[in-house]
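Note that the structure is a prediction, hence the values are computed from the model and not measured. Here is how names work: the chains are called A, B, and so on, in the same order as the sequence lines, proteins then strands, and each is numbered from 1.
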Number of protein chains: 2
Amino acid sequence: MTTDLTTSAPATGPPTLDEVALLAGVSRATVSRVVNESPKVSPEARVAVQAAIAQLRYVPNRMARSLVTRRTDTIALVLSEPNSQVFSDPFFASIVHGVSAALAETELTLVLLTARDAREQQKIARYARQGHVDGVVLMSLHSEDLLPDILTEAGVPLVLCGRPYDGRSVAYVDADNQGGARVATEHLIGLGRSRVAVLTGPMDMIAGVDRHAGWVAATTDAGRRPDPALVAHGDFTEAGGEAAMARLLDQAPDLDAVFVASDPMAVGALRALRAAGRRVPEDVAVVGFDDADVALTSDPPLTTVAQPLDVMTTELVELLGRQIDGRAEPAESRTCPTRLVRRASA
Amino acid sequence: MTTDLTTSAPATGPPTLDEVALLAGVSRATVSRVVNESPKVSPEARVAVQAAIAQLRYVPNRMARSLVTRRTDTIALVLSEPNSQVFSDPFFASIVHGVSAALAETELTLVLLTARDAREQQKIARYARQGHVDGVVLMSLHSEDLLPDILTEAGVPLVLCGRPYDGRSVAYVDADNQGGARVATEHLIGLGRSRVAVLTGPMDMIAGVDRHAGWVAATTDAGRRPDPALVAHGDFTEAGGEAAMARLLDQAPDLDAVFVASDPMAVGALRALRAAGRRVPEDVAVVGFDDADVALTSDPPLTTVAQPLDVMTTELVELLGRQIDGRAEPAESRTCPTRLVRRASA
DNA sequence: GAAATTCGTGGGAGCGCTTCCACGAGCCCT
DNA sequence: AGGGCTCGTGGAAGCGCTCCCACGAATTTC
């Protein structure tokens with residue numbers, strides 16, 4: 001009795017391929033060809049099918065399609081980070097923006113997933129393993145994140161946004177954090193500053209480690225000793241930057257320059273500096289990192305290290321696409337050059 | 001030749017139900033029952049199946065399941081907003097946090113989707129119509145957003161976060177914006193301030209309109225005329241708030257209080273006030289809206305109108321769940337009461 | 001002790017789609 | 001003119017899963 005449904009469907013639920021085929025007077029296969037833009041369809045058939053599709057307001061059922069094609073045309077951008085205020089980080093917003101822009105030209109859809117704890121990480125891992133997405137871009141991982149391992153082991157195409165903490169073999173795209181930090185520090189030294197401090201990010205994030213390492217390298221190269229009193233750790237937030245700057249001022253009252261590992265932190269540092277009565281850049285020169293919007297609107301505007309976000313996000317989806325299509329070298333990665341943007345703060 | 005794959009599967013690709021059934025020595029149906037926690041399975045069978053699942057590291061294919069159940073156990077949180085820096089708005093971050101927390105207890109997964117322009121809105125509409133999600137929570141809609149209509153018309157369960165601009169009949173959850181603004185303004189008037197200004201949000205957003213309306217109501221009720229010089233429009237951002245406050249100071253130099261329609265804007269306003277040499281709260285009393293984190297860390301800490309975000313997000317998923325299960329009254333909605341939080345700024 | 005239940009189980013029919021394959025019609029080449 | 005072609009097409013076999021239905025065995029009931 002369910003059989004004649006195909007011949008006299010009273011439009012129960014959304015229309016199906018068969019109903020379109022019936023209306024257009026062709027076979028299911030032909031409709032499928034039209035939908036998938038196969039060239040092997042006669043113009044007449046195509047027109048008839050398109051008309052039927054329009055009339056029925058037909059939308060293909062992606063689940064059914066995925067079941068056979070093994071593709072979902074969806075990729076996930078996973079933010080694995082316990083601290084939920086990371087959303088407010090302009091760097092994160094820029095990445096989301098860039099990735100979705102890079103995807104705009106394609107048929108791919110971007111879904112954002114957040115994992116604040118191990119439980120949510122598992123949930124996301126399950127989601128990915130169950131075949132909801134073709135691939136994953138993973139952001140902001142701290143040292144012990146489970147996701148890279150789970151996903152890799154499950155065979156889910158994966159590209160990290162940021163170099164993995166341990167040298168595990170996973171594809172990634174990153175800015176040249178160490179190089180950028182080095183150039184920033186060298187710039188400060190070149191300005192004639194003698195006590196160049198650093199305000200780092202969290203040291204369980206590779207970006208924090210690398211930017212710190214760049215400062216150490218530049219300092220050492222200049223024949224100076226990396227004085228621990230010139231180092232303070234922040235958490236990439238504005239409030240954290242303000243607090244860390246205050247500490248730094250305490251540890252090393254004689255500092256005359258500071259490289260800050262992110263622009264939000266630099267804005268906080270600017271505030272702490274002002275509160276302490278130091279003028280920027282006269283008394284203390286400041287260089288930030290990220291070239292976020294705030295770097296332009298801060299007072300004074302920040303000299304900062306710009307990451308080529310558009311290049312990075314393009315590479316990100318490019319690399320992931322290659323993995324999905326199965327034509328990627330193992331753990332192919334990219335490190336993108338940074339650029340010093342000079343403004344008023346240094 | 002593909003037929004005996006079922007009997008001698010060499011584990012091509014991820015394991016399937018059949019392979020588990022084979023290994024456990026039961027039928028496909030029984031495995032399905034175990035996976036779906038049906039009670040009608042003997043303990044022995046259950047144990048055998050569970051062992052097989054573990055051994056094969058079996059994960060059910062969600063696409064196949066969805067195809068028959070018509071459920072995806074996924075709901076989308078759609079941010080329809082051209083301005084990409086909305087991400088930085090703490091209110092948005094809080095909603096995301098709240099919704100995913102409300103979902104944590106369930107088997108539902110939350111995906112975030114962003115639509116910056118009409119094209120992306122279409123893409124999202126297609127995504128939803130194609131059956132990728134069971135329902136949609138839609139955020140931050142400006143006056144002419146296509147999504148509510150498309151989604152409603154496509155029969156996708158939908159709840160708006162924020163009252164729709166025109167009185168269209170769609171389910172929504174919103175804070176009592178007008179009531180909150182009224183209380184804030186009354187508080188300012190009650191403090192003995194005679195020139196109470198308002199710094200609104202964008203007037204093409206209902207939250208902007210409602211909060212402005214609350215100020216007008218309180219002002220009128222106090223027997224005062226809502227002076228246009230006491231009104232300035234911001235865009236819910238800190239920078240916008242700073243600029244708007246400066247304008248306000250220009251239009252009405254004699255103001256002695258201001259109700260600001262969002263905390264980020266209030267922080268900007270605080271800065272403009274300081275730049276203009278006005279003391280807060282002595283010269284100008286300030287009340288914000290949202291009770292965001294910044295309200296606590298600002299100088300001085302902000303008196304602000306708190307929205308019951310946890311209640312709102314719980315209602316949001318509750319209402320959506322009801323729609324998905326088909327047991328919701330048409331366009332069932334909620335308006336949640338706000339609360340004035342007194343701090344130092346007013 | 002026979003009939004009526006319950007219970008766990010397996011068979012099988014689909015969900016809506018893609019895609020391989022075969023088939024007939026029209027075409028060109030020598 | 002006949003054996004190749006290509007080309008558009010429809011038939012049919014699944015993709016991995018759920019769930020209805022029927023079946024036999026174990027249990028209950030009068």
Side-chain angles (χ1 to χ4, degrees), chain A residues 1-7 9 11-49 52-53 56 58-73 129-132, chain B residues 1-7 9 11-49 52-53 56 58-73 129-132:
Chain A
M1 57 172 76
T2 37
T3 334
D4 28 317
L5 257 180
T6 2
T7 61
T12 310
T16 71
L17 246 202
D18 298 76
E19 296 172 32
V20 176
L22 202 65
L23 182 60
V26 297
S27 75
R28 215 165 52 243
T30 301
V31 177
S32 177
R33 287 187 194 102
V34 172
V35 171
N36 295 299
E37 293 174 320
S38 155
K40 337 164 95 333
V41 183
S42 68
E44 308 85 69
R46 169 166 289 113
V47 169
V49 170
I53 288 178
L56 256 28
Y58 168 74
V59 182
N61 179 325
R62 265 284 192 47
M63 299 302 143
R65 187 208 295 258
S66 296
L67 185 54
V68 25
T69 59
R70 259 79 225 304
R71 299 249 328 208
T72 60
D73 293 329
R129 291 195 61 194
Q130 281 171 336
H132 271 289
Chain B
M1 56 171 78
T2 37
T3 334
D4 28 316
L5 258 178
T6 3
T7 61
T12 309
T16 70
L17 246 202
D18 298 76
E19 296 172 31
V20 176
L22 201 66
L23 182 59
V26 298
S27 76
R28 214 167 52 240
T30 300
V31 177
S32 178
R33 288 189 193 100
V34 172
V35 170
N36 296 300
E37 293 172 321
S38 155
K40 336 164 97 329
V41 183
S42 68
E44 309 84 67
R46 183 184 313 277
V47 169
V49 170
I53 287 178
L56 257 25
Y58 169 75
V59 182
N61 180 324
R62 263 287 192 43
M63 299 302 143
R65 185 206 297 254
S66 297
L67 185 56
V68 26
T69 59
R70 259 87 229 301
R71 298 254 324 211
T72 60
D73 293 329
R129 291 196 61 194
Q130 282 170 336
H132 270 289

Peer 1: Write down the distance between CZ (A:R71) and C1' (C:dT19), rounded to a whole number of angstrom.
Peer 2: 16 Å

Peer 1: Taking only the side-chain nitrogens and oxygens of B:S32, find out if one of them lies under 4.0 Å from OP1 or OP2 of D:dT18.
Peer 2: yes

Peer 1: Specify the separation, in whole Å, of atom CG of A:L22 and atom P of C:dG16.
Peer 2: 14 Å

Peer 1: Just how far, in rounded Å, is P of C:dT19 from CD of A:E37?
Peer 2: 14 Å

Peer 1: Over all heavy atoms of both residues, which pair between A:T72 and A:G131 is shortest? Give the atoms and the distance, please.
Peer 2: CG2-O, 3.1 Å

Peer 1: Identify which nucleotide among D:dC17, D:dA12, C:dG10 has an atom closest to any side-chain atom of A:R28, counting heavy atoms from C-beta outward.
Peer 2: D:dA12

Peer 1: How many whole angstroms separate atom CG of A:L17 from atom P of D:dG14?
Peer 2: 19 Å

Peer 1: Which pair of non-hydrogen atoms, one from A:R46 and one from A:V34, has the smallest distance, and what is that distance?
Peer 2: CA-CG2, 4.0 Å

Peer 1: Looking at every strand, decide which applies to A:V35 at a 4.0 Å heavy-atom threshold: base, sugar-phosphate, or nothing.
Peer 2: nothing

Peer 1: Looking at the side chain of B:T30, which of C:dT9, D:dG10, C:dT18 is the nearest nucleotide?
Peer 2: C:dT9

Peer 1: Hey, which of these two, B:M63 or B:R33, hits DNA chain D nearer its 5' end, going by closest nucleotide?
Peer 2: B:M63

Peer 1: With heavy atoms under 4.0 Å as the rule, sort B:R70 into base, sugar-phosphate or nothing.
Peer 2: sugar-phosphate

Peer 1: When you get a sec, tell me which of D:dG16, C:dG12, C:dT18 is the closest nucleotide to the side chain of A:T69?
Peer 2: C:dT18

Peer 1: I want to verify a distance call: between D:dG16, D:dG10, C:dG10, whose nearest atom is closest to the B:A29 side chain?
Peer 2: C:dG10

Peer 1: Atom CZ of B:R46 and atom P of C:dC7: how far apart are they, to the nearest Å?
Peer 2: 15 Å

Peer 1: 5'-most contact on DNA chain C: B:V41 or A:Y58, nearest heavy atom basis?
Peer 2: B:V41

Peer 1: Taking only side-chain nitrogens and oxygens of A:N61, does any of them come within less than 4.0 Å of OP1 or OP2 of C:dC15?
Peer 2: no

Peer 1: Using whole Å, report how far CG of B:L67 lies from P of C:dA13.
Peer 2: 17 Å

Peer 1: Tell me which nucleotide among D:dG11, D:dT9, D:dG14 gets nearest to the side chain of A:K40.
Peer 2: D:dT9

Peer 1: Closer to the 5' end of DNA chain C via nearest nucleotide, is it B:S27 or B:A64?
Peer 2: B:S27

Peer 1: Starting from P on D:dC19, measure out to CZ on B:R65 and report it in whole angstrom.
Peer 2: 9 Å

Peer 1: For a quick check of understanding: with a heavy-atom distance under 4.0 Å over all strands, which category does A:T16 fall into, base, sugar-phosphate or nothing?
Peer 2: sugar-phosphate

Peer 1: Determine the minimum heavy-atom distance between A:N61 and A:M63, stating which atoms define it.
Peer 2: OD1-N, 2.8 Å

Peer 1: State which residue, out of A:L23, A:V26, A:V41, fulfils the side-chain contact (heavy atoms from CB on, under 4.5 Å) condition with A:V31.
Peer 2: A:V26

Peer 1: Is it the case that A:R65 and A:N36 place a side-chain donor and acceptor less than 3.5 Å from each other?
Peer 2: yes

Peer 1: Between D:dT18, C:dT9, D:dT9, which nucleotide gets closest to the side-chain atoms of A:S42?
Peer 2: D:dT9

Peer 1: Is any side-chain heavy atom of B:L56 less than 4.5 Å from a side-chain heavy atom of B:E19?
Peer 2: yes

